[in-house]
Undergrad: 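I have a structure here, written as structure tokens, and I will follow up with some questions on it.
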2 protein chains.
Amino acid sequence: MTVQTILLVEDEKDIRELLALTCKREGFAVLETENGAKALTLAREKKPDAIVLDLMLPGLDGLSVCKALQRDPDTAAIPVIMLTARGEEIDRIVGFEVGASDYVVKPFSTREVMLRIKSVLKRTSLVPEQTALASGAIRLDALRHVVFVGDEEVLLTVTEFRLLEDLLRHAGQVRSREQVLDAVWGYSFEGYARTVDTHIRRLRAKLGPGADVIETVRGIGYRIKG
Amino acid sequence: MTVQTILLVEDEKDIRELLALTCKREGFAVLETENGAKALTLAREKKPDAIVLDLMLPGLDGLSVCKALQRDPDTAAIPVIMLTARGEEIDRIVGFEVGASDYVVKPFSTREVMLRIKSVLKRTSLVPEQTALASGAIRLDALRHVVFVGDEEVLLTVTEFRLLEDLLRHAGQVRSREQVLDAVWGYSFEGYARTVDTHIRRLRAKLGPGADVIETVRGIGYRIKG
DNA sequence: CTTTTTTGTCACAGAATTGTAACCATTCGT
DNA sequence: ACGAATGGTTACAATTCTGTGACAAAAAAG
């Protein structure tokens with residue numbers, strides 16, 4: 001996945017830098033401005049994935065910026081998170097009149113803003129992950145976190161579950177041990193590739209009669225039939 | 001248990017699926033169709049609690065569907081939320097002539113639509129039963145703020161109540177501690193995820209024989225059986 | 001203000017999970 | 001057929017996770 005960009009529009013330097021730092025720490029790219037007019041230009045030119053917008057800005061204020069963003073078809077789809085003081089007309093802000101996707105009330109914690117950003121990004125990304133996966137006699141439901149072989153529920157540990165999910169999401173494709181390690185264990189894992197083998201074995205044991213959907217591709221890795 | 005059902009009428013598959021996912025995540029049941037005529041049949045047969053209706057549909061368009069729903073006494077009471085493009089004659093849509101309960105302008109965020117649905121349901125549902133949730137021997141009534149295990153009333157604290165309510169609203173789905181914290185404690189809570197465990201424990205203690213509906217999903221979080 | 005209730009955090013023990021290494025079994029090229 | 005890779009199996013120590021009880025701070029009730 002590509003890096004997502006956040007546009008921060010806030011005139012108070014301290015707050016802006018704090019937010020910028022937090023966003024960067026979470027792996028986002030950051031654009032900053034203290035000015036409403038510049039925010040509009042930046043939004044149009046750079047198409048950020050989300051905008052964090054202070055309501056009180058010198059010159060063109062946050063409300064006007066937000067409305068302008070909504071009116072422009074180029075930027076209308078970008079979610080906006082408003083930073084507001086308590087008691088401001090939140091219904092109007094989030095309603096259609098202004099059109100913000102969400103808001104955070106000052107004083108806020110960076111954690112709170114981060115959560116809003118992530119939540120908003122999850123909501124607006126048009127590719128909802130498929131939650132139900134299946135192959136052969138095996139069914140996996142990521143939302144409910146259950147796996148069935150035929151009619152029988154199978155209890156998997158987290159790692160086993162994630163491993164099976166990764167294989168199913170790439171059903172038909174070979175997955176090398178390295179790919180699986182990156183996807184299931186994360187990039188920071190520094191262990192042996194053979195770890196995958198052990199978990200494949202445990203998976204097969206638990207899947208019982210359904211185990212034959214997992215094929216070994218010698219010299220490469222594993223693959224789900226299909 | 002009374003799960004509320006939403007009928008989604010939208011021909012663009014991506015949008016429909018995104019909305020469906022959002023509704024399901026919020027604990028609603030979902031019916032989907034891309035076709036105006038089928039929408040009428042479905043509405044009559046299944047009596048959904050709300051209908052989200054795209055204005056632009058191939059064949060029978062949204063306006064006609066909405067008018068037809070209004071004329072039929074079986075469906076006239078079902079609130080309709082229209083998805084419209086900007087600049088369409090919103091006054092007519094929500095007014096007497098067409099009779100939609102509310103509308104959302106494209107492009108919209110799922111959050112926006114969700115808020116409309118909930119607001120419309122709140123306005124139209126006069127039946128307190130619709131706030132009733134249940135699983136196994138446990139019944140929870142959000143409106144009256146009471147919980148029963150079998151015939152025995154159980155007194156819960158606010159936090160315990162909200163926790164149980166959140167789990168019940170996502171019955172069958174795993175809820176991670178993070179998700180629960182965000183939903184029950186709010187985004188601004190900065191505490192420890194293990195706090196959830198303690199409250200789960202207190203809940204289980206109070207639920208007594210009904211406690212077995214709360215399952216621990218090791219490595220992930222908790223889930224209500226079902 | 002005092003008492004009671006509720007709530008969040010912590011420490012700890014038991015249990016489940018996991019990564020690794022060592023050892024077989026199988027496959028493949030020669 | 002043989003040796004070298006490669007994958008399967010097993011056992012085990014280390015780690016991680018959850019349930020529990022205790023406790024102090026915070027909130028609510030009196």
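A, B, ... follow the sequence lines: proteins, then strands. Residue 1 opens every chain. Heavy atoms only: backbone and side chains are in, while hydrogens, waters and symmetry mates are out.
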Undergrad: Which part of the nucleic acid, if any, lies within contact of A:R194, taking any heavy atom under 4.0 Å across all strands shown: a base, the sugar-phosphate backbone alone, or nothing?
TA: base
Undergrad: A quick test of your reading: do over 12 heavy atoms of other residues, nucleotides or ligands sit less than 6.0 Å from OH of A:Y192?
TA: no
Undergrad: Quick check: any donor-acceptor pair below 3.5 Å linking the side-chain of B:R202 to the base of C:dG8?
TA: yes
Undergrad: For the pair made of CG in B:L155 and P in C:dT6, what is the distance, rounded to whole Å?
TA: 9 Å
Undergrad: Just wondering, are more than 12 heavy atoms of other shown residues or ligands nearer than 6.0 Å to CD in A:E17?
TA: yes
Undergrad: Between C:dT9 atom C1' and B:R177 atom CZ, what is the distance in whole Å?
TA: 15 Å
Undergrad: So, is A:Y192 near the phosphate of C:dA21, with a side-chain N or O under 4.0 Å from OP1 or OP2?
TA: yes
Undergrad: Would you mind writing out the side-chain donor-acceptor pairs for residues 28-36 of chain A within the sub-3.5 Å range, not counting sequence neighbours?
TA:
unit_1, atom_1, unit_2, atom_2, d
A:E32, OE1, A:R16, NE, 3.2
A:T33, OG1, A:N35, N, 3.2
A:N35, OD1, A:A37, N, 2.7
A:N35, OD1, A:K38, N, 3.0

Undergrad: Which residue lies toward the 5' end of DNA chain D, B:I220 or B:T198, if each is placed at its nearest nucleotide?
TA: B:I220
Undergrad: Of all of residues 157-165 of chain B, which get a heavy atom below 4.0 angstrom from DNA chain D, listed by number?
TA: none
Undergrad: Within the pair A:W185 and C:dT18, is there a side-chain N or O less than 4.0 Å away from OP1 or OP2?
TA: no
Undergrad: To the nearest angstrom, how far is A:Y222 atom OH from D:dG8 atom P?
TA: 4 Å
Undergrad: Tell me, with the steps shown, if A:R194 and A:D197 meet salt bridge (Lys or Arg N to Asp or Glu O under 4.0 Å).
TA: CA-CA 5 Å; A:R194 291 299 307 277; A:D197 296 33; 3.1 Å; yes
Undergrad: Once you round it to whole Å, what is the distance between P of C:dT18 and NZ of A:K206?
TA: 8 Å
Undergrad: Could you give the distance from CG (A:D61) to NZ (A:K67), rounded to the nearest 0.5 Å?
TA: 8.0 Å
Undergrad: Rounded to the nearest Å, what distance is computed from the CG atom of residue A:L156 to the P atom of nucleotide C:dA16?
TA: 16 Å
Undergrad: To the nearest Å, how far apart are B:I200 CD1 and D:dG19 P?
TA: 8 Å
Undergrad: Report the distance from atom NE2 of B:H199 to atom P of D:dT20, rounded to the nearest whole Å.
TA: 15 Å
Undergrad: Can you tell me how far the CZ atom of A:R201 sits from the NZ atom of A:K206, to the nearest 0.5 Å?
TA: 11.0 Å
Undergrad: Using atom CZ of A:R201 as one end and atom P of C:dA25 as the other, report the distance to the nearest whole Å.
TA: 15 Å
Undergrad: So which of B:R175, B:R223, B:R204 actually passes salt bridge (Lys or Arg N to Asp or Glu O under 4.0 Å) with B:E215?
TA: B:R223
